[in-house]
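I have placed the structure first, in the form of structure tokens, so that the comments after it can refer back to it.
Read the numbers this way: they start at 1 and go in the same order the structure lists the ligands and their atoms. We're numbering straight along the sequence, starting at 1.
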Amino acid sequence: MNPKYIFVTGGVTSSLGKGIIAASLAKLLQSRGYSVTIQKFDPYINVDPGTLNPYEHGECYVTEDGAETDLDLGHYERFLNVPTSQANNVTTGRIYQSVIQKERDGAFLGKTVQVIPHITDEIKYRMKLLGDSRKFEIIITEIGGTVGDIESLPYIEAVRQLNWEMKDEDVLVIHLTLLPYLSSTKELKTKPTQHSVKMLLESGLQPDILVCRTEHPINKEIKKKIALFCNVDLNAVIEAIDVKTIYDVPMMMLKEKLDKTVLSKLKLSAKNEPDLIKWVNFLTKYKNPKHEIKIGLIGKYVELPDAYKSIAEAFIHAGSHNECKVNLEYIHSELITDESAEHKLGNLDGILVAPGFGDRGIEGKITAIKYARMHKIPFLGICLGMQMAVIEFARNVLGWKDAHSTEMNSKTKHAVIDMMPEQKKITAKGGTMRLGNYTCEITKDSKAFKAYEKSKVNERHRHRFEFNNIFLKDFSSKGMLVTGINPETKLGEIVEIANHPFFIGVQFHPEYKSTVLNPHPLFIKFVKSAMDYSKN
Ligand code: GLN
């Protein structure tokens with residue numbers, strides 16, 4: 001069988017949730033027995049989102065193979081429970097970078113290099129890459145941005161060409177739009193959808209299926225109107241009504257028969273009925289919690305919760321596993337001082353200090369960690385959060401008041417967090433951190449071991465600085481132990497405080513690996529400890 005390609009475009013406004021619709025459709029097709037992957041094409045000129053401030057596009061998600069990608073890839077993995085890779089996220093920057101490199105290499109034999117055909121050819125080549133690998137039967141491609149944007153045009157043109165080149169039954173275009181509701185007249189309006197389909201048609205692309213975001217149910221009359229004016233089958237107008245959780249969307253799409261419509265258009269058999277038992281089980285536990293806790297997430301991008309997307313989702317997975325509602329309170333680290341700590345943190349059952357870069361807000365993070373350590377509140381520090389836990393311990397337990405990370409203070413005598421040797425010669429910022437999967441060996445009987453229940457794990461990284469092993473003995477003599485190390489480089493991966501119910505700092509990012517079907521062991525244990533703490 002040829003690989004089948006499904007393209008998902010968006011119209012009317014941005015932020016309609018193309019990523020969630022793509023992931024939900026993929027989930028349904030996967031649950032029927034198809035091997036599916038999802039990729040995202042982003043129309044911005046950065047080569048990848050690794051150098052972007054989280055305020056721009058939210059969190060930067062990291063894949064196993066060390067690609068710094070759009071946060072939608074996190075949704076793909078959380079829904080499908082299958083890892084993505086570098087090939088699953090492509091930006092305009094990356095497309096141009098490789099076309100320009102080919103031009104420098106003389107690959108175009110004296111021709112003028114142009115958007116069409118050279119840029120569109122490169123886009124098409126990358127759109128087909130995962131299909132050509134023959135590892136997947138269905139490839140869903142989400143086109144970032146909104147139809148009508150200037151920067152989206154080459155992508156729409158590439159999809160048009162692929163649509164023309166491939167057999168009808170091998171390609172499908174799904175267009176996601178919005179039906180605004182006018183409360184004064186109590187009606188859903190279809191005109192913006194008609195216009196956005198018209199815009200696609202101007203580029204030569206007829207959508208096969210319309211998924212319509214709406215706050216109110218779409219009646220048959222409106223569906224008929226949309227079908228007629230947008231030239232699609234009646235059963236290809238799909239209602240996507242607002243739901244409480246993104247994890248309801250696959251069930252909603254199942255009810256709307258999106259998967260069946262897609263399969264029949266692709267001339268694929270429905271195979272078995274969707275096997276969603278585990279998914280439903282997760283949802284049932286998530287919606288019927290028996291316990292409730294409050295966790296403080298201490299970070300400096302808290303105005304934009306998308307900056308900590310994977311962490312928030314990991315709490316949902318671990319919460320459901322523990323049948324516990326996790327109320328996440330985002331707390332700005334710049335507002336935490338010795339004076340405000342009690343007021344800001346006193347009512348929490350657990351404290352998580354988030355990853356980050358640079359020195360804004362770090363003193364507040366250190367103060368929050370001190371509070372968690374002294375009050376024996378369950379604590380999880382991720383990446384920068386772990387590094388700050390090491391600094392806090394050095395300053396307040398070992399008594400080294402000048403202890404710091406050389407990221408913030410290059411002159412300190414107690415550089416307890418220092419740049420990794422291989423990082424010292426690197427000056428370029430893009431894609432140069434320690435990225436992706438590395439092995440970590442865990443000490444038996446440690447807290448981390450109790451969470452993982454194994455002594456060897458693989459976790460994803462994104463950092464330049466590390467625990468400075470010169471001080472290893474000083475830390476362990478006072479009770480902060482390194483309980484996870486990289487077996488090859490001996491880099492410290494996990495620190496914990498023995499004399500504390502749950503105090504763990506990890507140099508890696510466990511949140512990237514948490515999925516609906518595989519909640520992360522550290523998050524499960526952290527939530528469990530917070531539940532125990534809340535009972536005291
Ligand atoms: N800024 C720190 C480093 O580069 C931590 C990075 C992070 O939290 N992802 O090592």
Side-chain angles (χ1 to χ4, degrees), residues 48-64 66-69 71 74 297-302 304 306-312 314 333 351-366 368-369 379-392 394 403-410 412 415-438 440 459-469 482 484-486 489 491-495 504-514 520 522:
D48 62 41
T51 54
L52 287 175
N53 184 314
Y55 286 131
E56 295 284 313
H57 288 274
E59 162 191 284
C60 170
Y61 186 77
V62 179
T63 59
E64 277 186 347
E68 297 178 281
T69 72
L71 60 74
L297 189 155
I298 320 293
K300 66 169 170 176
Y301 304 112
V302 291
L304 183 81
D306 264 4
Y308 303 111
K309 194 80 205 157
S310 293
I311 295 177
S333 53
I351 292 179
L352 183 142
V353 175
F357 296 84
D359 58 8
R360 184 166 71 92
I362 54 162
E363 292 304 326
K365 288 186 171 178
I366 293 172
I369 294 166
F379 165 78
L380 181 61
I382 299 182
C383 209
L384 185 71
M386 170 267 197
Q387 298 175 352
M388 293 303 122
V390 170
I391 294 169
E392 191 280 320
H404 223 316
S405 162
T406 50
E407 179 177 3
M408 290 92 193
N409 175 357
S410 55
T412 175
V416 290
I417 302 293
D418 197 7
M419 190 175 263
M420 291 177 280
E422 76 265 25
Q423 285 286 333
K424 289 193 173 150
K425 27 188 194 308
I426 300 172
T427 52
K429 290 279 179 274
T432 56
M433 280 186 256
R434 180 173 183 241
L435 290 166
N437 254 11
Y438 286 93
C440 168
E459 292 284 2
R460 300 183 198 176
H461 295 68
R462 184 174 187 245
H463 63 119
R464 293 196 172 86
F465 296 82
E466 53 154 333
F467 179 85
N468 190 343
N469 277 334
V482 173
I485 58 159
N486 177 299
T489 57
L491 290 184
E493 299 277 8
I494 306 177
V495 298
I504 295 188
V506 287
Q507 185 57 78
F508 48 79
H509 292 262
E511 71 275 21
Y512 294 145
K513 275 188 82 170
S514 182
H520 196 283
L522 283 177

Any N or O of [X] that comes nearer than 3.5 Å to an N or O of ligand 1?
X	value
M433	no
G356	yes
F465	yes
R462	yes
E407	yes

Option from H461, E459, H463, E466 for which side-chain hydrogen bond (donor to acceptor under 3.5 Å, both in side chains) with Q507 holds: H463

Backbone of Y512 reached by a side-chain donor or acceptor of Y61 within 3.5 Å: yes

Distance-only side-chain donor-acceptor flag, R464 / T432, under 3.5 Å: yes

Whether Y301 and Y308 hold their rings parallel, tilted or perpendicular, with breakpoints at 30° and 60°: tilted

Pair D359-K300, salt bridge (charged side-chain N to carboxylate O under 4.0 Å, His left out): steps then yes or no: CA-CA 10 Å; D359 58 8; K300 66 169 170 176; over 6 Å; no

Which residue and heavy atom of the protein sit nearest atom 4 (O) of ligand 1, plus the separation: R464 N, 3.0 Å

Residue, atom name and distance, where the atom is the protein heavy atom closest to atom 7 (C) of ligand 1: C383 SG, 3.0 Å

Steps toward side-chain hydrogen bond (donor to acceptor under 3.5 Å, both in side chains) verdict (T489, N486): CA-CA 6 Å; T489 57; N486 177 299; 3.2 Å; yes

contact_flag Q507 ligand 1 heavy-atom lt 4.0 Å: no

H509 to ligand 1, any heavy atom closer than 4.0 Å: yes

Derivation of the salt bridge (charged side-chain N to carboxylate O under 4.0 Å, His left out) call for R462 and E68: CA-CA 9 Å; R462 184 174 187 245; E68 297 178 281; 2.7 Å; yes

